[in-house]
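What you see is a predicted model, and the numbers here were worked out from it, not measured in a lab.
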Amino acid sequence: VFGKDINLVLVLNNLSSDRKRVRVDMSASTILYTRRAVAEILKAATSVELGPKQGKHVRVKIPYTHYGKYLTTDKRIQVTALCEVMRTHGLKLLVEKTIILEDTNIIIKLPRRVVVNKAVSLEISYANPLPEPVSRCVLLVTLMNQQVKINLARLAPRERSKIYFEFTPRRVGPLQLQVDFSCDKFSHVKGFVTIAVAPA
């Protein structure tokens, strides 16, 4: 989840009946959705001794403090592990994984029934998932082809807050509400719901 430390486990299995020594070179970079690297955030190397038919776990932790300021709005991190079996004339295996960090910041609560031409109030809750305060917080609410910009107070580390948004639907049928939350430390955290507007 965005704002938290990332914990990964690489599983190595020796399928042979001989002892193996494996050198593991790990790296991680923040990337764009095109897979183009933005910044390297981790470089580590270790050696693992594997007995016959033995498996071992290599644990890797990427703290938020290492990746936070380098993350793009795509919220993607590419992790690679180059595993080389020693004394086997350079037998190598490359493992790659792309991590897309989830946002759990925006929660939109609707009343049970929404009726045309009747005012309705929604609860929009938003959060700072980071271990540090954020300021210059802005919510951009898009509904019925109109945008409303709402300036918000600063949020303490891990703080959640909420506002109430009132509107009157003018037609029956589905309406899409989109919320975009930005601040000085991250931007474009989105949430959306489809509202079913009933006849009066």
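For the pair M26 and V79, the minimum side-chain heavy-atom distance is below 4.5 Å. Contact check for L152 versus S161: no side-chain heavy atoms found under the 4.5 Å cut-off. Put simply, the side chain of R170 reaches to within 4.5 Å of the side chain of N117, judged on heavy atoms. I41 places none of its side-chain heavy atoms less than 4.5 Å from the side chain of L71. Within the 4.5 Å cutoff, no side-chain heavy atoms of Y67 are placed close to those of I99.
Across all non-hydrogen atoms, the minimal contact from G55 to N13 is CA-OD1, 3.3 Å. For the pair V197 and R171, the tightest heavy-atom approach, listed with the atom from each and the gap, is CG1-O, 3.2 Å. What you find for E40 and S29 is that their closest heavy atoms are CA-OG, 3.6 Å. Contact record, Y164 with E123: OH-OE1, 3.1 Å, taken as the closest heavy-atom pair. Minimum interatomic distance between I62 and A28 (heavy atoms only, all atoms of both residues): CD1-CB, 3.9 Å. P133 approaches P157 most closely through the heavy-atom pair N-CG, 3.7 Å.
Residue pairs meeting the side-chain hydrogen bond (donor to acceptor under 3.5 Å, both in side chains) criterion with at least one partner in residues 143-156, sequence neighbours excluded, are T142-Q147.
The distance from atom NZ of K97 to atom CD1 of I77, rounded to the nearest 0.5 Å, is 12.0 Å. To the nearest 0.5 Å, atom CG of residue D184 and atom CZ of residue R136 are 5.0 Å apart. A distance of 7.5 Å separates NZ in K20 from CG in L91, rounded to the nearest 0.5 Å. The line from CD1 of I31 to CD of Q78 is 4.5 Å long, rounded to the nearest 0.5 Å. In this structure, CG on L82 lies 10.5 Å from CD on E96, to the nearest 0.5 angstrom. With rounding to the nearest 0.5 Å, the separation of NE2 in H57 from CG in L12 is 9.0 Å.
Transitive grouping of hydrophobic side chains (ILVMFWY, heavy atoms separated by less than 4.5 Å) keeps Y70 and Y33 in distinct clusters. In the hydrophobic clustering of this structure, V138 does not group with I163; members are Ile, Leu, Val, Met, Phe, Trp, Tyr whose side-chain heavy atoms approach within less than 4.5 Å, directly or through other members. Cluster membership for I195 and V115, using ILVMFWY side-chain heavy atoms within less than 4.5 angstrom, is not shared. In the hydrophobic clustering of this structure, F192 does not group with I107; members are Ile, Leu, Val, Met, Phe, Trp, Tyr whose side-chain heavy atoms approach within less than 4.5 Å, directly or through other members. A continuous path of Ile, Leu, Val, Met, Phe, Trp and Tyr side chains, each step under 4.5 Å between heavy atoms, connects Y64 with L101, placing both in one hydrophobic cluster.
Screening L175, L122, L110 for a side-chain contact (heavy atoms from CB on, under 4.5 Å) involving V193 leaves a single residue, L110. E49 pairs in a side-chain contact (heavy atoms from CB on, under 4.5 Å) with only one of the listed residues (Q54, M86, R21), which is R21.
No more than 12 heavy-atom neighbours from other residues, nucleotides or ligands sit within 6.0 angstrom of CZ on R35. Within a 6.0 Å radius of NZ in K56, other residues, nucleotides and ligands contribute more than 12 heavy atoms.
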Inset, instruction - Go through the steps for C83 and L10 under the test side-chain contact (heavy atoms from CB on, under 4.5 Å), then give the verdict. - result: CA-CA 10 Å; C83 307; L10 174 69; 4.1 Å; yes
Inset, instruction - For the pair L155 and Y126, evaluate side-chain contact (heavy atoms from CB on, under 4.5 Å) and give the outcome as yes or no after the intermediate values. - result: CA-CA 10 Å; L155 290 172; Y126 53 95; 3.9 Å; yes
Inset, instruction - Could you go through the side-chain contact (heavy atoms from CB on, under 4.5 Å) check for L143 and F165 one step at a time? - result: CA-CA 11 Å; L143 180 69; F165 181 78; 4.1 Å; yes
Legend entry - Pair K75-V189, side-chain contact (heavy atoms from CB on, under 4.5 Å): steps then yes or no: CA-CA 10 Å; K75 295 186 177 62; V189 173; 4.1 Å; yes
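Using cut-offs of 30° and 60° for the angle between ring planes, the F181 and F186 rings count as perpendicular.
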